[in-house]
Amino acid sequence: MRFDEPLAVQARHFVDCMTTGAQPRTDGANGLAVVQVIEAAQLSLAQERKVLISEVDGLPGLVPVPAQRSAATAVL
């Protein structure tokens, strides 16, 4: 079985779409959803509580994560 590095696959797909005009597999809405999950995870770490995705909709930027927290104690 051949392994292709995921980021390389994504980059090749992006270049193909740009050069051929093909429709991308993912769009801006997918990218926004990924960013919202990351923001919710960071807010959860910073506030030490569960965070709903709806809570991060429209936040001005990513929430800084406290430097002295361990991943084992994070709540998401």
Side-chain angles (χ1 to χ4, degrees):
M1 177 184 244
R2 181 176 169 207
F3 174 78
D4 289 324
E5 198 276 321
L7 190 54
V9 171
Q10 180 180 350
R12 281 192 303 270
H13 176 66
F14 175 78
V15 170
D16 181 54
C17 289
M18 295 302 294
T19 57
T20 67
Q23 182 70 30
R25 290 181 216 133
T26 58
D27 59 12
N30 295 112
L32 176 61
V34 169
V35 170
Q36 287 174 327
V37 169
I38 292 168
E39 288 180 336
Q42 288 188 310
L43 185 59
S44 176
L45 285 170
Q47 296 185 358
E48 299 182 14
R49 65 178 182 88
K50 292 181 181 181
V51 173
L52 300 174
I53 298 298
S54 61
E55 292 181 63
V56 298
D57 189 24
L59 283 181
L62 295 178
V63 178
V65 176
Q68 296 184 338
R69 298 240 335 127
S70 73
T73 61
V75 177
L76 179 62

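Predicted model only: the values in this text are computed from it and were never measured. Start at 1 with the first residue, then count along the sequence.
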Engineer: Checking Glu5 now: which residues fulfil side-chain contact (heavy atoms from CB on, under 4.5 Å) with it, not counting sequence neighbours?
Structural biologist: Phe3, Leu7, Ala8
Engineer: Roughly how far, to the nearest 0.5 Å, is the CZ atom of Arg49 from the CD atom of Glu55?
Structural biologist: 4.0 Å
Engineer: When you measure from the side chain of Asp27 to the backbone of Asn30, do you find a donor-acceptor pair of N or O atoms at a distance under 3.5 Å?
Structural biologist: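 Yes.
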Engineer: Might you point out which heavy atoms bring Pro24 and His13 nearest each other, and give the distance in Å?
Structural biologist: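 Smallest interatomic distance, heavy atoms only, reads CA-NE2, 3.5 Å.
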Engineer: Give me the atom names and distance for the closest heavy-atom approach of Ala40 to Ile53.
Structural biologist: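 Minimum heavy-atom separation between Ala40 and Ile53: CB-CD1, 3.8 Å.
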Engineer: Holding to side-chain contact (heavy atoms from CB on, under 4.5 Å), I want the full list of residues that pass it with Thr20, two or more places apart in sequence or in another chain.
Structural biologist: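 With sequence neighbours excluded, Thr20 shows a side-chain contact (heavy atoms from CB on, under 4.5 Å) to Asp16, Ala22, given in chain and number order.
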Engineer: What pair of heavy atoms forms the shortest contact from Gln36 to Val56, and how long is it?
Structural biologist: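 Smallest interatomic distance, heavy atoms only, reads O-CG2, 3.4 Å.
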Engineer: Do the non-hydrogen side-chain atoms of Arg12 and Val15 ever get within less than 4.5 Å of each other?
Structural biologist: no
